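Here the structure is a predicted model, which means the values were calculated and not measured. Indexing begins at 1, ligand by ligand and atom by atom, following the structure's order.
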Amino acid sequence: LSALEYAVAQLMIFALIPNRYKLEHMKLIHILHCTGFISIDCGLRNSSSYNDSTTGLRFDPDSGFVEGGVRRRMSQEFMADATNEQQKSLRSFPRGSRNCYTLPSTIGKKYLLRAMFTYGNYDGLNKTGDGSLFLFGLHIGVNFWDTVNLTNWNPSVTKWKEVLTIAPSNSISICLINFGSGIPFISSLELRPLQDTMYPFVNTSVSINLYGRNRFGNVPNVLTRYPTDKYDRFWVTRILPYPWIMLNTTNIVESLPGNDFFNVPSAIMQTAWSKESNYSGFSISESRRNEDLTNQQLLPVFHFAEINGSNPDRRFNIYSAGELLFSDFSPSRFQVDSVHQNGRFLHNPNASFSLNKTHNSTLPPLINAQEVYILVRMDNLTTDSEDVNYMKEIKKHYNLTRKNWNGDPCSPREYSWEGLTCDYSKSNQNPRIVSVNLSTSGLEGGVAVSFMNMVSLENLDLSHNNLTGAIPDYQLKSLKILNLSNNQLVGPIPYSILQRFQAGLLDLRLEGNPVCSEVRDTYCSNKKNSIHIMLIAVTVPVALVSLLALMCIIRKLCWKGKSDHEDYAMYEEETSLHVDIRRFMYAELKLITNDFQSIIGKGGFGIVYHGMLENGDEVAVKVLMETSITESTDFLPEVQTLSKVHHKNLVNLKGYCQNKKCLALIYDFMQRGNLQQLIRGGDDYSLNWEQRLHIALDAAQGLEYLHESCTPSIVHRDVKTPNILLDKNLVGIISDFGLSRAFNDAHTHISTVAAGTLGYLDPEYHATFQLTVKTDVYSFGIVLLEIITGQPPVLMEPQTFHLPNWVRHKIAMGNIHDIVDKRLLDQYNASSLQSVVDLAMSCVENAAIDRPTMTEVVSRLKEWLPAVSSEKQPDSSSTRRTNSTDAEIRRQFQLAIFGVSNEENSFQSGYTDGMSELIPLSGR
Ligand SMILES: *[C@@H]1O[C@H](CO)[C@@H](O)[C@H](O)[C@H]1NC(C)=O
Ligand SMILES: *[C@@H]1O[C@H](CO)[C@@H](O)[C@H](O)[C@H]1NC(C)=O
Ligand SMILES: *[C@@H]1O[C@H](CO)[C@@H](O)[C@H](O)[C@H]1NC(C)=O
Ligand SMILES: *[C@@H]1O[C@H](CO)[C@@H](O)[C@H](O)[C@H]1NC(C)=O
Ligand SMILES: *[C@@H]1O[C@H](CO)[C@@H](O)[C@H](O)[C@H]1NC(C)=O
Ligand SMILES: *[C@@H]1O[C@H](CO)[C@@H](O)[C@H](O)[C@H]1NC(C)=O
Ligand SMILES: *[C@@H]1O[C@H](CO)[C@@H](O)[C@H](O)[C@H]1NC(C)=O
């Protein structure tokens, strides 16, 4: 309040009050001035501040403390009954999930903060009486405070919430959270400083939410507040008829010397409750409508003073829900004894407390006042205060009021400001802002200097605005990406920026600015530099040579070690695309994979880690790493498509993670590894004939779904045994579908002329480069042959043979039974063998037109599995499962699972004979 306003207020008050009160009121105004009360009547018209008629406190409109929301007034029918001015107007927040008031405070100081809510049917919708749930949330700063539940509430009755807290900075914010059960609103907001010695159990990590604050005795006013209580606490009067006895005194009741924990006003202590002397005690409890204490922790404070004129013998025990809190307590005469268990919170769902007199006490207990609080944890960290201040300056500088930028910028995470990316990775440090995206935000004027002061900022995107003037000298070392393209910026470009650009430390984008009319450097063109390596697969030996080289490149480009992960945490990015599946943050991935501890595979697209979700579900986290992924526009659309693909034989995409340098897909984890491992995993475990056919059918059904049920058809392009996974019941599940498209060219720096893996490649594709569903049918044929023969798609010994040729050769040489996997020990149905081999051979016809469709493949496979149509019988697989030992499962767990590109694995496992077929040709 300005000095002038004070003078006016004083004059007004002095004019109204009789002389003998003047001294008292001078004191009052003095307190007003020093205590720094902030009293806000929300929704009040500008410049219509007033002094409240009962408290004399000055109430101000809320403009300047809040940005969003609309001013409303309670409906006319309730106006006449309004008990105070503050009830009449309110502010409602139909837009935004979080809307905050920001009040000035002194850092580290203790405050009482009270918010009041009077619905008054302001919107004419009778929301408190229409039977539906009407509630919203309150945050104190970045922490949850309470729920305001106005369901079935009397519209003219005010609900208030009070919290005792320590200011985390030079402002305190109070946020209204839309839970989707009604539009949040608020009628008034009051901030009252407390003395720092008061409520000693309130500290920076613990605040307390008021549940009840009562005074007992015969008092005419229902509510006692300021000026009786100079901290403006609300004391609700509780009064009861006989046999209750209402005690009172006119003697001053003071605190014990040195006890300034509660500073309960004498007037409050001058009345009390007791009971007729033949009673041994009483209970006080307070249950509230719409408030449930079951999961809350309570902290009661009792205020006692003996105010009976004589010196009576009064001793009693105090119980909380049956638990003895204090024994043999005897109140002091005309002195306040405040009884509390310092900072100990209790479970007491009915907030019921009993006072029982002890044996030798002559009188029953008494009570003068009581407070009950609920624990509010203040565990969530606010954004680094410097970052907050700079963001506030930026917001002011560009007048960004239309953005719903209020409250803390990064915290709580789900309400962080749009366009910001924060680093939460250091769990005991305040979040920092690492990226600001204000692209296309209608910014005008110069580039704000505040950006330059944000020491953690790595990525600044101010493109497509109307920024003018010169580019400021940017000294900061943290900045890695500066996108100022499509503005009105002029030269010269500061040396500090150019230097960092030339050193490759800064990705600078300036195209579309006047400055670029003179400059011809890469930062002035939007073309990206990329390496193109053309690979043409001709024959096996040629491919082998190029692939060795390719493997090195892939390693360099894509497979980065663990240490690189740290950097990626900074790059969490916003996306405009709506993807239904869960989006993981980098930190979450780190958590669920236990810091990327367990590698279960290295596939064509990256490394696969084992992970465990919060609910215990096991997942495979495929981290796709590639430097140019940032520029990718097709990754997210692809994820979006994949998230819509659901089939029992296709691996389920559970979520994804996208940030600048690291993309990840999170899939269901498949316990039994992949088909390649099972077919050629050694002699300790082998699939029987029926299991093999079932898995073939599963895979066929998965492909059929991709081909026939998706529009447009999804061509897998890389069907192979390592991409057929097996769940715990040995159901075949196809993985890695759909990725090929997103990961061509743009992501690998390698133009892939060939899709798929050597040995599985459709020969017609080589000739025409036409990718069709028949490409998958060809690969499936190879898979089917592998299933029958247990051989790799390309055999190396005694001479190099492509599997279909080997089969033809064997059949021509003697009889068909020679091709069957020896591990089947001749336990197979000879009549189905011929048909399955025929089917497989038709799939690998050279001309696509001669191959069957997946639908035909499915129906033919089903013919040979008549007992089980499309559903797998649990028996066969579970019998097999019992055969395998835990060690075996662990071993498979260790092996690669997703889209194994194999060379890594086979080297490790010593399967060097499988080398040729294991090398991917595509370079993905
Ligand atoms: C009220 O004041 C605020 C800022 O003090 C201003 O933005 C707003 O336009 C004013 N409203 C009216 C109706 O004058
Ligand atoms: C609000 O709804 C309740 C319950 O339907 C009804 O009893 C009450 O009359 C309504 N009040 C108004 C003002 O419409
Ligand atoms: C802290 O923040 C998390 C999310 O960022 C939120 O879910 C949680 O409710 C917050 N905790 C409190 C006590 O408000
Ligand atoms: C204390 O008094 C209350 C109310 O008179 C009674 O319900 C309760 O059982 C008593 N508790 C003990 C421990 O005596
Ligand atoms: C809100 O109050 C209604 C009515 O008493 C109750 O049914 C509901 O469970 C309460 N909701 C919450 C979240 O407290
Ligand atoms: C705050 O108080 C609680 C108990 O009242 C205590 O456990 C905690 O350590 C305190 N925190 C700080 C930061 O003092
Ligand atoms: C920039 O300003 C001009 C005129 O002031 C306006 O026509 C144009 O639309 C603005 N461009 C952007 C991107 O806001």
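Of all the heavy atoms of Leu135, the ones lying under 4.0 Å from any atom of ligand 5 belong exclusively to the side chain. Of all the heavy atoms of Tyr279, none lies under 4.0 Å from any atom of ligand 4, so neither backbone nor side chain is involved.
Counting protein heavy atoms only, atom 5 (O) of ligand 5 is closest to Asn290 OD1, 2.5 Å. Nearest non-hydrogen protein atom to atom 9 (O) of ligand 6 is Asn203 ND2, 4.7 Å. Ranking protein heavy atoms by distance to atom 4 (C) of ligand 4, first place goes to Ser283 OG, 3.7 Å. From the protein, the heavy atom lying nearest to atom 10 (C) of ligand 4 is Asn356 ND2, 2.2 Å. Looking at atom 11 (N) of ligand 5, its nearest protein heavy atom turns out to be Asn149 ND2, 2.8 Å.
Listed by number with element, the atoms of ligand 6 under 4.0 angstrom from any heavy atom of Thr204 are 13 (C). Numbered from 1 in the order shown, with element, the atoms of ligand 4 that lie under 4.0 Å from a heavy atom of Tyr319 read 13 (C). Atoms of ligand 6 lying under 4.0 Å from any heavy atom of Ser205, numbered from 1 in the order shown and given with element: 1 (C), 10 (C), 11 (N), 12 (C), 13 (C).
A donor atom on one side chain and an acceptor atom on the other are not found under 3.5 Å apart for Asn389 and Asp387.
Considering Gln296, Gln297, Gln341 as possible partners of Leu346, the one that fulfils the side chain to side chain contact (heavy atoms under 4.5 Å, CB included) test is Gln341. With Phe304 as reference, Phe329 is the one residue of Phe329, Phe334, Phe326 to meet the ring-ring contact (aromatic ring centres under 6.0 Å, His included) rule.
Between Arg192 and Glu162, no side-chain nitrogen of the basic residue sits less than 4.0 Å from a carboxylate oxygen of the acidic one, so the salt-bridge criterion is not met. Taking a cutoff of 4.0 Å between a charged side-chain nitrogen and a carboxylate oxygen, Arg432 and Asp423 do not qualify as a salt bridge.
For atom 7 (O) of ligand 6, no protein heavy-atom neighbour is present inside the 4.0 Å cut-off. Put simply, atom 2 (O) of ligand 4 has protein non-hydrogen atoms near it, under 4.0 Å away.
Judged purely by atom type and a 3.5 angstrom limit, Asn143 uses its side chain to pair as donor or acceptor with the backbone of Asp379.
Checked by distance only, ligand 5 and Thr147 stay at 3.5 Å or farther apart across all their nitrogen or oxygen atoms.
A cation-pi arrangement is absent between Arg314 and Phe316 under the rule of less than 6.0 angstrom and at most 45 degrees off the ring axis. Under a cutoff of 6.0 Å and an axis angle of 45°, Arg72 and Phe185 do not form a cation-pi pair.
The two residues Leu194 and Lys109 make their nearest non-hydrogen contact at O-NZ, 3.1 Å.
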